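What follows is a single structure, written as structure tokens, with notes after it.
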Amino acid sequence: MFNKETKTALEAQEAALRLAFAPVAFQATRALRDMGILTAISNSRSAGTTIEDIMEKTNLNRYAVRVLLEAGLGMELIIVNNKRYTLTKTGYFILHDRLTRINMDFSQDICYKGMNHLQESLRDGKPAGLRELGPWDTIYPGLSLLPPEIGKSWFDFDHYYSDLATPAALNIVFEHKPKKLLDIGGNTGKWALACTAKDPDVEITIFDLPGQAGIAQQKLKEAGVDHRVNFHIANILHEEVPFPEGFDAIWMSQFLDCFSESEIVSILKRCREALNDGGTIYILEPFWDRQQFKSAAFCLQQTSLYFTAMANGNSQMYHSEDFLQCIDDAGLKVVSTNDRMGINYTLLQCQKK
């Protein structure tokens, strides 16, 4: 997918120029979307609409509408014929595609300001951009403290992809009818809730930080299943804090990409000790080299830089070979691999060597 040149020199220069203006184009796209211009054009369907109609529907002056329309033409979000504007397919997806909207909101609300500190983050190995959101060493203790609209952008982004993989993953995990399951990085409790619905007898323990555990406890209480879920509240990076033990299954969904390779090995070694003989560790991760579509790989590669500048400074969306080496170094073996979970996830089943 990434092993040969695909553009002519002219196409390459055009791509370079688009990157040079990418921050401007991104904000113009948001303005076209959020100020109602794309909606006004979309509602006109194939007949198209005029600048005067757009001004009336958006309550924007001619200058504002004109500069945004002209930017939209250059970005190929819209086309114009006889002074009537219509959406292109790209414009349609910007306005109507939920995945695109989630990615744009995450880029704006979580990443945009902080990415100005990317080079500092790369030099120092710390999320220098995080200061734009709050005074935390990593983003994770601050997730429950973000303003609601900002937090929504983070959780929507975090949940959208993994939620699509949940039904198939549940079937695989519960084929073996685990009696005790450890959910590491339980977040808002979505997986624990799904497990309690899947099997009325399974005992769940959520391992997470205090802020996330508080959110999960409330969700489980509202669902009436809080009596079936235990909590182990601790920072998983504190190696001196022992894991709970005696589990038939350990579940981690888009969790280990939040850590460096040495930290992943440390976590997996302790998972190994917490696992019963014959038990299985289930790891759900999106690997950029195992994507069906180049656009999906692109999104994951760019998301790695969110981890660099905003999350913790030292993790990423991994290439599968680097990740599999961590599993081996932790004394585990992969016994099953499924690369077709949801739209872009891989489910690894690991056991003790």
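Predicted, not measured: the structure shown is a model, and the values here were computed from it. These values consider heavy atoms only, across backbone and side chains, with no hydrogens, waters or symmetry-generated copies.
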- Task: Say whether, by atom type as modelled, one donor and one acceptor occur between the side chain of Thr308 and the main chain of Ser304 under 3.5 angstrom.
- Result: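 Checked: pair present.
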Taking the side chain as everything from C-beta on, heavy atoms only, tell me whether [X] gets closer than 4.5 Å to [Y].
| X | Y | value |
| --- | --- | --- |
| Leu220 | Leu193 | yes |
| Leu95 | Arg101 | yes |
| Asp156 | His159 | no |
| His232 | Val241 | yes |
| Leu324 | Leu348 | yes |
| Ile204 | Arg228 | no |

Can you find a side-chain donor-acceptor pair between [X] and [Y] that sits under 3.5 Å?
| X | Y | answer |
| --- | --- | --- |
| Gln325 | Glu321 | no |
| Glu285 | Thr346 | no |
| Ser320 | Arg290 | yes |

[X] to [Y] - nearest heavy-atom pair and separation:
| X | Y | value |
| --- | --- | --- |
| Ala15 | Lys7 | CB-CE, 3.8 Å |
| Thr49 | Ser44 | N-OG, 3.6 Å |
| Phe293 | Met1 | C-CE, 4.2 Å |
| Val202 | Pro178 | CG2-O, 3.4 Å |

- Out of Gln351, Gln349, His176, which residue meets the side chain to side chain donor-acceptor pair (under 3.5 Å) rule with Thr280? Gln351
If you count the non-hydrogen atoms of other residues, nucleotides and ligands that lie under 6.0 Å from [atom1] in [X], is the total more than 12?
| X | atom1 | answer |
| --- | --- | --- |
| Phe93 | CZ | no |
| Asp137 | CG | no |
| Gln119 | CD | no |
| Tyr63 | OH | no |
| Lys180 | NZ | yes |
| Met35 | CE | no |

- Sole residue of Trp251, Phe243, Phe247, Phe231 in ring-ring contact (aromatic ring centres under 6.0 Å, His included) with Phe207: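 The single option meeting the ring-ring contact (aromatic ring centres under 6.0 Å, His included) with Phe207 is Phe243.
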- Note on the structure: Test ring-ring contact (aromatic ring centres under 6.0 Å, His included), reference Tyr306, set Phe157, Tyr112, Phe106, output is Phe106
- Query: What residues, two or more places apart in sequence or in another chain, satisfy side chain to side chain contact (heavy atoms under 4.5 Å, CB included) together with Asn82?
  - Reply: none
Ion pair check, [X] and [Y], cut-off under 4.0 Å:
| X | Y | result |
| --- | --- | --- |
| Glu52 | Arg62 | yes |
| Glu273 | Lys269 | no |
| Lys353 | Asp328 | yes |
| Arg33 | Asp105 | yes |
| Asp163 | Lys190 | yes |

